[in-house]
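The structure appears right after this line, and notes come after that.
None of these values were measured; they are calculated from a predicted model. So you know, we letter chains A, B, ... as the sequences are listed, proteins then strands, and number each from 1.
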Amino acid sequence: MRSKILIVDDEINILMSLEYLFKRKGYEVYIARNGAEAKALADANKPDLVLLDIMMPDVDGYEVCDYLKAKVPAPKVVFLSAKSKKDDVQKGYDHGADLYLLKPFSNKDLLQHIQELI
Amino acid sequence: MTVLLIVIGTAYLGFIFGAAWYFEKRLSNLGYRKWMPYIYALALAVYCTAWTFYGSIGRAAESGFDFLLIYIGPTLALFLWYPIARKLYFLKVNQGIGSLADLLSARYGKDARLGKLVATLSLVGVLPYISLQIKAISESFDVLSQRETQYNAGFSLEDPALYVTLVMVAFTVLFGTRYVQNNRPKAGLIGTIAFESLFKLLAFLIVGFIGLNSFLKDERFFTALDRFSNQSVAIPTAEWASILLISAFSFMLLPRQFQMGVVENTSVKNIPKALWLVPLYMLVLNLFVVPFALMGPSLAPDTKPDFYLLSLSLQAGGPATAALAFLGGLSAATSMIIVSTLALANMVSTHVLVPQIVWKKEKPLDRRIIGLRRWAILGILILAYFYYHYIAAKESLVSIGMVSFVAISQFAPAFLGALFWKQAHRRAAIESISVGFGVWFYFLVLPEILTVITGDRHFLGFWSPQILAAEMNISILSAATIFSLLMNSIVFIWRSLSLEASQEEENQATLFVQANSLLQGPNAPEVYRGTAPFPNIKSLLINFLGNRRTEEVLDRYARLNNIDWSSSPTADSRVISYAERLLAEAIGPASAKIMISSVVQREELSRSEVLNILEESQKVLQLNRELSSRSEALRLATEELRNANEKLQEITELKDEFLYTVTHELRTPLTAIRTQAELVQDDPEMPEEDRQRFIGNIVSDCDRLTRLIGNVLDLEKFESGSQKLSLSKLDLGALLRDTERQFQALAKKRGHILRCEISAPLMATYADVDRITQVLHNLIGNALKYAAAENGQVWITAYQLDQDLKVNIHDNGKGIPDADRELVFDKFYQVRNQTRRKPSGSGLGLAICKNIIQMHKGRIWIEDNPGGGTKISFTLPLYQEAQKLKPTKNSEDAQ
């Protein structure tokens with residue numbers, strides 16, 4: 001069965017390119033442009049992994065992460081963020097993330113990390 | 001009425017005993033320190049006696065406004081009072097000064113004769129004045145109880161003044177002679193005198209108010225007032241000048257004033273408030289004098305003018321009001337009697353009586369010294385009582401007071417010389433005071449005596465004082481004042497200039513005249529050298545201060561100076577002069593000097609050595625002052641640095657924050673670019689359509705990056721002040737319409753309606769056209785971005801408002817929350833406020849707009865808009881010429 005990935009970002013170009021990338025690699029991909037959409041899609045499709053931006057309109061990434069990690073079974077969560085401070089990274093892990101990747105990243109690295117996680 | 005007066009009089013006297021006892025217990029507490037300046041000022045108001053309370057009205061009734069001179073004199077004196085009072089306070093502490101006699105004696109070589117002279121003459125000068133107060137008490141009682149005053153009845157047990165006098169003895173003994181050291185402040189005494197001053201003021205105001213209230217209903221008052229104000233006032237210059245001068249001197253030198261102003265003062269810090277409080281007090285106390293003086297003759301023709309207050313208050317307000325007036329007079333009289341008697345007793349006992357017993361074998365003498373003072377108090381009051389009875393019966397209140405004033409003024413030249421003139425000489429002081437008193441006696445006492453002896457006031461023919469004064473066309477008081485002070489001063493100056501001072505006197509002169517510029521306290525300079533066995537010094541102290549007090553003061557001295565008495569068998573010069581000061585506080589400077597000499601091997605210093613020591617002290621003091629002013633400057637500098645540092649840190653933090661946000665904003669488009677570029681690169685088989693899409697996106701993301709960097713640099717230029725405006729003529733209307741046309745395409749693409757409405761032609765102004773264009777692009781772009789998705793509308797309106805051009809850009813989007821109206825102009829507001837975040841835009845646009853508008857001295861803000869949507873407005877001032885607009889260096893300042 002194909003692994004399901006949910007990508008959440010309010011930056012349309014990033015969202016579209018990541019969707020393209022993971023689809024080409026054979027994942028089942030869902031995309032959300034904000035936190036509320038993300039929650040709804042996660043409920044509906046039970047993704048194995050969520051790629052999550054932090055700064056978004058309405059609900060921020062941390063809150064979405066909390067929501068996801070409270071589910072059983074919980075999906076893996078990878079933060080993709082431009083927030084570069086040590087504190088930001090720490091905060092991401094404190095919210096239960098499995099990985100924190102700083103933007104910009106290389107597609108190769110991202111794919112490799114994802115494969116390790118699922 | 002008689003019974004009422006006796007009851008309330010007794011109650012009042014009982015009350016002041018209670019008050020004194022209370023103050024003695026409580027006032028020494030530190031918590032009361034903040035009240036001390038007020039208490040000090042009130043205590044100085046002991047100047048206002050029964051003579052003020054009753055006599056001012058009498059004087060005003062007889063000779064108009066000149067009663068005020070007696071209060072103007074002290075007010076003028078208070079202008080000069082601060083440096084004098086400050087110096088006197090230092091001298092009191094460092095020289096053990098407990099009275100004017102102590103002061104003059106100590107200054108003029110610790111001379112015993114001078115002390116005796118001052119003490120005796122003070123007694124002679126002031127005794128009648130005390131009698132006057134007793135007389136006021138007795139007469140006021142008689143006026144109200146309608147008794148005939150029996151002056152010639154001799155000693156009478158029915159005279160209430162007798163009992164008051166005895167009570168005064170008890171009070172003064174109880175609260176005035178608590179310590180053997182004369183110059184220790186006595187809290188019970190100060191507190192009570194201050195209380196009595198307050199009481200007499202309130203009593204006078206209440207009675208005065210009630211009186212005036214009833215006079216205003218009486219038309220005789222207005223005719224009297226009319227007459228009074230139409231009176232042509234002859235100005236007897238000599239008389240006025242005399243009264244001003246002697247009242248000013250008396251305010252400083254009268255025994256009771258010196259006692260309250262110097263001896264009982266607890267701190268230099270008390271003085272400044274008194275400088276304005278005392279004149280204010282005297283002014284208020286005289287508020288109602290004139291109305292009473294005007295109504296007296298018509299309402300109480302049979303009463304002596306001095307007691308108009310009593311008769312009129314009885315008529316106006318009944319017995320209760322009259323009783324209050326009586327109590328006010330009683331408080332004025334008693335406070336004067338207490339303090340004057342105490343001060344005189346201290347002088348007389350210290351300078352006349354104590355020298356007789358200092359060699360007595362039985363020791364210690366401290367109780368005996370206090371005992372002598374108590375006997376002196378009793379003696380003085382008995383004398384005053386009898387003097388009142390037999391001599392003072394006929395004179396009005398004010399005239400006797402004036403005689404005292406002239407007498408006391410005779411100390412003024414020697415006093416001022418003591419403080420300010422190094423050359424002032426001991427013998428000059430003695431001779432000038434004697435001459436002054438001689439003249440005083442001749443003019444103001446002799447006529448009375450002659451009358452008593454020969455029955456003829458003009459017994460001396462042409463040389464009779466009255467005839468002499470009349471020849472010169474001045475009053476006898478003026479003649480006495482002018483001649484006594486003139487001759488006094490001439491003798492003083494001439495003799496001081498021609499005599500050579502002794503070493504001891506010269507040292508003291510320096511210490512007094514330079515008191516302000518020498519070190520004070522334990523580091524005060526020593527001007528002689530000597531040693532003595534410590535036990536001798538100690539036993540000397542015990543002899544005069546008693547065991548307990550000696551232990552106390554020595555213990556304190558040891559603690560302050562880190563000395564262990566048991567390990568220092570020899571007292572050095574510092575200890576010796578400390579001991580001498582302590583002794584002086586108990587037995588006066590002259591006796592103290594003799595006592596110390598009896599146990600000390602003193603070595604005379606040469607003149608140049610003394611000068612060196614004093615110079616040293618001055619230098620050290622100077623150095624101390626410089627050091628403290630430097631450390632103050634350092635403290636200020638440190639504070640400034642700290643503030644600057646804090647500001648820098650704040651700025652640094654802001655910069656860090658800015659950089660962090662900028663990098664964040666850079667990372668986002670970079671991420672998109674990289675991801676898409678890698679997709680294209682890694683996937684050679686990607687369909688052409690996808691490839692084109694990704695490459696197109698990459699290009700627009702690059703544009704976005706470029707815009708962002710451009711904005712960051714722009715903003716940086718504005719904020720650092722390096723951005724300059726290049727001004728030219730601006731037709732805002734044309735520019736708005738142009739911009740609107742440019743944006744029409746974008747509006748159409750989004751399905752929005754864009755309108756520009758300019759109702760009247762706009763005046764031209766000067767502005768940086770490129771920058772204003774940038775602002776318009778930003779604002780209109782934003783508005784199109786945030787307008788409602790369906791049926792989006794944007795209106796641009798512009799008009800002239802006073803001296804400004806105003807532009808509004810209004811969209812029908814969801815608007816900005818009230819709380820954020822200011823914040824949207826902050827850098828990266830979007831970033832911080834995630835709910836407003838939209839994918840495009842740098843987050844710097846509005847911040848840049850704000851900077852541009854502010855550089856043009858305009859204003860930009862979010863308008864209140866209940867209709868919904870966002871309405872952003874800015875103004876541009878109308879300028880006639882380009883050069884008028886000078887941008888501020890930092891646009892933030894313009895906020």
Side-chain angles (χ1 to χ4, degrees), chain A residues 7-26 29 31 33-36 38 51-64 78-89 91-92 100-114, chain B residues 653 656-687 689-705 708 785-786 814 828-843:
Chain A
I7 306 169
V8 190
D9 202 311
D10 62 334
E11 196 69 31
I12 188 74
N13 287 351
I14 295 176
L15 197 59
M16 305 297 278
S17 50
L18 287 180
E19 182 192 22
Y20 189 89
L21 176 67
F22 284 102
K23 273 192 174 158
R24 293 283 285 200
K25 293 295 168 186
V29 182
I31 54 170
R33 290 195 59 175
N34 55 52
L51 291 175
L52 197 51
D53 186 20
I54 292 178
M55 297 250 265
M56 290 182 297
D58 66 21
V59 188
D60 73 15
Y62 299 120
E63 203 185 317
V64 176
V78 176
F79 276 124
L80 295 178
S81 175
K83 287 164 85 84
S84 51
K85 279 189 201 163
K86 251 188 197 161
D87 292 353
D88 302 327
V89 178
K91 196 174 170 192
Y100 190 108
L101 284 180
L102 189 60
K103 289 176 182 172
F105 43 81
S106 86
N107 295 355
K108 233 176 265 168
D109 284 354
L110 179 65
L111 283 170
Q112 201 175 331
H113 282 300
I114 301 299
Chain B
E653 271 166 33
D656 283 353
E657 176 78 23
F658 181 66
L659 265 180
Y660 169 68
T661 322
V662 167
T663 53
H664 178 270
E665 291 302 290
L666 290 173
R667 280 172 198 277
T668 304
L670 267 178
T671 308
I673 292 168
R674 181 164 185 183
T675 307
Q676 297 170 111
E678 279 185 23
L679 279 178
V680 174
Q681 186 188 30
D682 294 348
D683 190 355
E685 278 125 56
M686 182 184 280
E689 189 188 334
D690 288 339
R691 184 189 303 269
Q692 284 305 324
R693 178 161 59 93
F694 286 130
I695 289 175
N697 284 346
I698 290 172
V699 171
S700 76
D701 278 327
C702 283
D703 282 350
R704 188 173 150 199
L705 262 183
L708 177 63
K785 204 188 296 174
Y786 292 115
K814 63 177 180 175
F828 298 121
Y829 159 79
Q830 292 183 345
V831 178
R832 267 169 246 158
N833 193 320
Q834 294 157 9
T835 57
R836 290 281 301 177
R837 178 153 179 196
K838 294 275 170 167
S840 53
S842 64

Discussion item. If you define the side chain from C-beta out and look only at heavy atoms, does anything of Y660(B) sit under 4.5 Å from K83(A)?
Written reply: yes
Discussion item. Just verifying a value: how many Å separate R693(B) CZ and S17(A) OG, rounded to the nearest 0.5 Å?
Written reply: 9.0 Å
Practice prompt. Kindly indicate whether the side chain of H664(B), heavy atoms from C-beta on, has any atom under 4.5 Å from the side chain of S84(A).
Written response: no
Worksheet, complete the sentence: Taken to the nearest 0.5 Å, the spacing of R24(A) CZ from D682(B) CG works out to 10.5 Å
Worksheet item: Can a donor-acceptor pair be found between the side chains of N13(A) and D701(B) at a distance below 3.5 Å?
Response: yes
Discussion item. If you define the side chain from C-beta out and look only at heavy atoms, does anything of L21(A) sit under 4.5 Å from E678(B)?
Written reply: no
Item to complete: Using a cut-off of under 4.5 Å on heavy-atom pairs, state which of D9(A), L110(A), D88(A) scores highest against chain B.
Response: D88(A)
Discussion item. Let me confirm one number: the CG-OH distance from D690(B) to Y20(A), rounded to the nearest 0.5 Å.
Written reply: 4.0 Å
Fill in: Heavy-atom pair with the smallest gap, counting every atom of R674(B) and S106(A)
NH2-CB, 3.1 Å
Worksheet item: Rounded to the nearest 0.5 Å, what separation is found between the CD atom of E665(B) and the CE atom of M55(A)?
Response: 6.5 Å
Fill in: Distance, nearest 0.5 Å, that separates CG of L670(B) from CD1 of I14(A)
9.5 Å
Worksheet item: Can you name the nearest heavy-atom pair linking T675(B) to N107(A), along with the distance?
Response: O-ND2, 3.0 Å
Fill in: Contact class of S81(A) relative to chain B, heavy atoms under 4.5 angstrom
neither
Worksheet item: Atom CG in D53(A), atom OG1 in T668(B): separation rounded to 0.5 Å?
Response: 7.5 Å
Discussion item. Looking at every heavy atom in both T671(B) and P104(A), which two are closest together, and how far apart are they?
Written reply: OG1-CA, 3.4 Å
